[in-house]
Amino acid sequence: METVENGGEISRAEETVIRICKADGASDINAFIIPSLISVTAVFDSKEITTTRRIYKNDLNLGRLEEINRISRQLCSDKSSDRKMNYSYPLLVSIICVLLSTGSFCIYFGGTVSDALFSGIAGLIITYIPYNRNSFNIFSRTLIEAILSGIISFIPSLLGLNSHPDKIMIGTIMLLIPGMSIGSAIRDMMSGNLIAGILQLSEAIIVALAIALGFAVALLIFRSDYLA
């Protein structure tokens, strides 16, 4: 479940479940996983057991995925291994990554150093704004963050500072684009997990639509001539 919650491929999640079940002595293992559901049936000591788990969280955390893989390998090789997992990126590392990703894309697409700084600030705001993200579906959450980042992109110009809102928006939009989701969807479909791949691809399209609508709202509010 942790694998899917943190952006892992469906094929990887199914393989992890099967390997762990085999390590615990199970046979006739059947795992069916989609981005919102896990269902596993296995036979333990001639007794068939089925379990189902609903997945609500959908995030991307490559560090946690690596930790999950490490613990899974330990469980398969040593049943007495420590199953505790508490991996998270240090706050400073996360802040630096947000600043570098938004700022570098901003400069790459023609922005200035000051634009990159404003883009980084906008990225930090939408990343760490204190609100309960889990209470919103992925479309609403992305729409809110896109509108907010678009509005923030125009604030330096409104304050009379020399900036380019369009370049600032290009930098901050990179935090929202579901590039990894699209890649995972293609990999899943190529691996034969068509249902999971189509679901992930559909979700990525919905996210892209929310991003476009969110930034369009900001453009309509401040600079409608950008839409021409």
> By side-chain contact (heavy atoms from CB on, under 4.5 Å), which residues pair with S140, not counting sequence neighbours?
F136, N137
> Are I182 and V207 connected in a single hydrophobic cluster, I mean Ile/Leu/Val/Met/Phe/Trp/Tyr linked by side-chain heavy atoms less than 4.5 Å apart?
no
> Between I155 and L159, does a side chain to side chain contact (heavy atoms under 4.5 Å, CB included) hold up when you go through it step by step?
CA-CA 6 Å; I155 290 179; L159 295 177; 3.9 Å; yes
> Once you round to the nearest 0.5 Å, how far does OG of S153 lie from CZ of F215?
6.0 Å
> Only distances under 3.5 Å count here; give the side-chain donor-acceptor pairs of residues 169-178 to other protein atoms, sequence neighbours excluded, each with its distance to 0.1 Å.
residue	atom	partner	partner atom	Å
T172	OG1	I168	O	3.3
T172	OG1	M169	O	3.1

> Taking atom CZ of R53 and atom CD1 of I33, what is their separation to the nearest 0.5 Å?
12.5 Å
> Tell me whether L148 is reachable from I221 by hopping between hydrophobic residues (I, L, V, M, F, W, Y) whose side-chain heavy atoms are closer than 4.5 Å.
yes
> Could you tell me the separation between the CZ atom of F109 and the OG atom of S119, rounded to the nearest 0.5 Å?
11.5 Å
> State which residues pass side-chain hydrogen bond (donor to acceptor under 3.5 Å, both in side chains) with D115; sequence neighbours excluded, sorted by chain then number.
T112, H164
> For a quick test of reading the model, state the closest non-hydrogen atom pair linking T102 to V98 and the distance between them.
OG1-O, 2.7 Å
> Apply side-chain hydrogen bond (donor to acceptor under 3.5 Å, both in side chains) to the pair S184 and R187, showing each step before the final yes or no.
CA-CA 5 Å; S184 295; R187 285 198 300 270; 3.1 Å; yes
> On a heavy-atom basis, which atom in L143 and which in G214 lie closest, and how many Å separate them?
CD1-N, 3.6 Å
> Any chance you could measure Q200, atom CD, to I186, atom CD1, to the nearest 0.5 Å?
10.0 Å
> Rounded to the nearest 0.5 Å, what's the gap from CG on L158 to OG on S163? Could you check?
8.5 Å
> For I206, which residues count as a side-chain contact (heavy atoms from CB on, under 4.5 Å) partner, sequence neighbours excluded?
F139
> Before giving the answer on side chain to side chain contact (heavy atoms under 4.5 Å, CB included), spell out for L201 and M189 the whole-Å C-alpha distance, their side-chain angles and the decisive distance to 0.1 Å.
CA-CA 10 Å; L201 186 59; M189 287 190 285; 4.0 Å; yes
> Which residues pass the side-chain hydrogen bond (donor to acceptor under 3.5 Å, both in side chains) test with S101, not counting sequence neighbours?
none
> Quick one: do I29 and I49 end up in the same hydrophobic cluster if we chain Ile, Leu, Val, Met, Phe, Trp and Tyr together by side-chain heavy atoms under 4.5 Å apart?
no
> Other members of the hydrophobic cluster containing I34, with the 4.5 Å side-chain heavy-atom rule, please.
F32, L37, I195, L199
> Nearest 0.5 Å, please: how far is CD1 in I151 from CG in L219?
11.0 Å
> I205 and I211: same hydrophobic cluster, using ILVMFWY side-chain contacts below 4.5 Å?
no
> Taking all non-hydrogen atoms of both residues into account, name the closest pair between C106 and K167 and its distance.
SG-O, 3.4 Å
> Among residues at least two apart in sequence or on other chains, which ones pass side-chain contact (heavy atoms from CB on, under 4.5 Å) with L100?
I96
> Decide whether I20 and F44 are clustered together by the hydrophobic rule: side chain heavy atoms of Ile, Leu, Val, Met, Phe, Trp, Tyr closer than 4.5 Å, transitively.
no
> Kindly write out the residues that satisfy side-chain hydrogen bond (donor to acceptor under 3.5 Å, both in side chains) with T52, not counting sequence neighbours, or none if the list is empty.
none
> The criterion is side-chain hydrogen bond (donor to acceptor under 3.5 Å, both in side chains); which residues satisfy it with T41, sequence neighbours excluded?
T50
> Please enumerate all residues that pass side-chain contact (heavy atoms from CB on, under 4.5 Å) together with I95, with sequence neighbours excluded.
L91, L99, L124, Y128
